[in-house]
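First the structure, in the form of structure tokens, and then the observations on it.
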Amino acid sequence: MGKSASKQFNNEVLKAHNEYRQQHGVPPLKLCKKLNREAQQTLHSHGMEEHEEDGSGEGICK
């Protein structure tokens with residue numbers, strides 16, 4: 001996934017998540033670039049390149 005597609009995906013997920021939070025009366029979240037970068041580095045350090053749905057509703061990393 002390219003940087004612009006990844007940024008768009010992150011924004012869409014955040015928007016959907018915050019809509020759900022709003023239904024429950026809790027404040028919205030915002031993206032943290034540092035936390036995202038650290039999480040991505042952790043995945044790479046464990047040999048995992050990307051997140052992918054496996055069709056069963058479970059997320060897997062490969």
Side-chain angles (χ1 to χ4, degrees):
M1 186 180 300
K3 282 189 179 184
S4 107
S6 178
K7 185 176 179 179
Q8 181 181 352
F9 175 78
N10 288 345
N11 289 332
E12 289 174 7
V13 169
L14 180 64
K15 181 181 176 199
H17 189 82
N18 281 334
E19 287 171 357
Y20 184 77
R21 290 176 63 84
Q22 184 179 21
Q23 293 173 8
H24 296 279
V26 294
L29 298 176
K30 63 181 183 175
L31 288 177
C32 174
K33 290 180 184 179
K34 181 181 177 193
L35 185 58
N36 281 346
R37 184 174 51 253
E38 290 175 2
Q40 191 66 46
Q41 289 171 345
T42 299
L43 284 174
H44 288 289
S45 72
H46 292 287
M48 299 176 219
E49 297 299 320
E50 62 187 45
H51 178 267
E52 182 178 290
E53 288 297 322
D54 71 355
S56 68
E58 294 290 327
I60 58 172
C61 292
K62 64 177 192 175

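What's counted below: heavy atoms across the whole structure, side chains too, no hydrogens, waters or symmetry copies. Values in this document were obtained by computation on a predicted structure and should not be read as measured data.
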Side-chain donor-acceptor pairs under 3.5 Å in residues 20-32, sequence neighbours left out?
| residue | atom | partner | partner atom | Å |
| --- | --- | --- | --- | --- |
| Arg21 | NE | Pro27 | O | 2.7 |
| Arg21 | NH2 | Pro27 | O | 2.8 |

Decide side chain to side chain contact (heavy atoms under 4.5 Å, CB included) for Asn11 and Lys15; before the verdict, give the C-alpha distance in whole Å, the side-chain angles of both, and the deciding distance to 0.1 Å. CA-CA 6 Å; Asn11 289 332; Lys15 181 181 176 199; over 6 Å; no
Output all residues satisfying side chain to side chain donor-acceptor pair (under 3.5 Å) with Gln8, sequence neighbours left out; order by chain, then residue number. Glu12
Once rounded to the nearest 0.5 Å, what's the spacing between atom CD of Gln41 and atom CG of Asn36?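 Here the interatomic distance stands at 11.0 Å.
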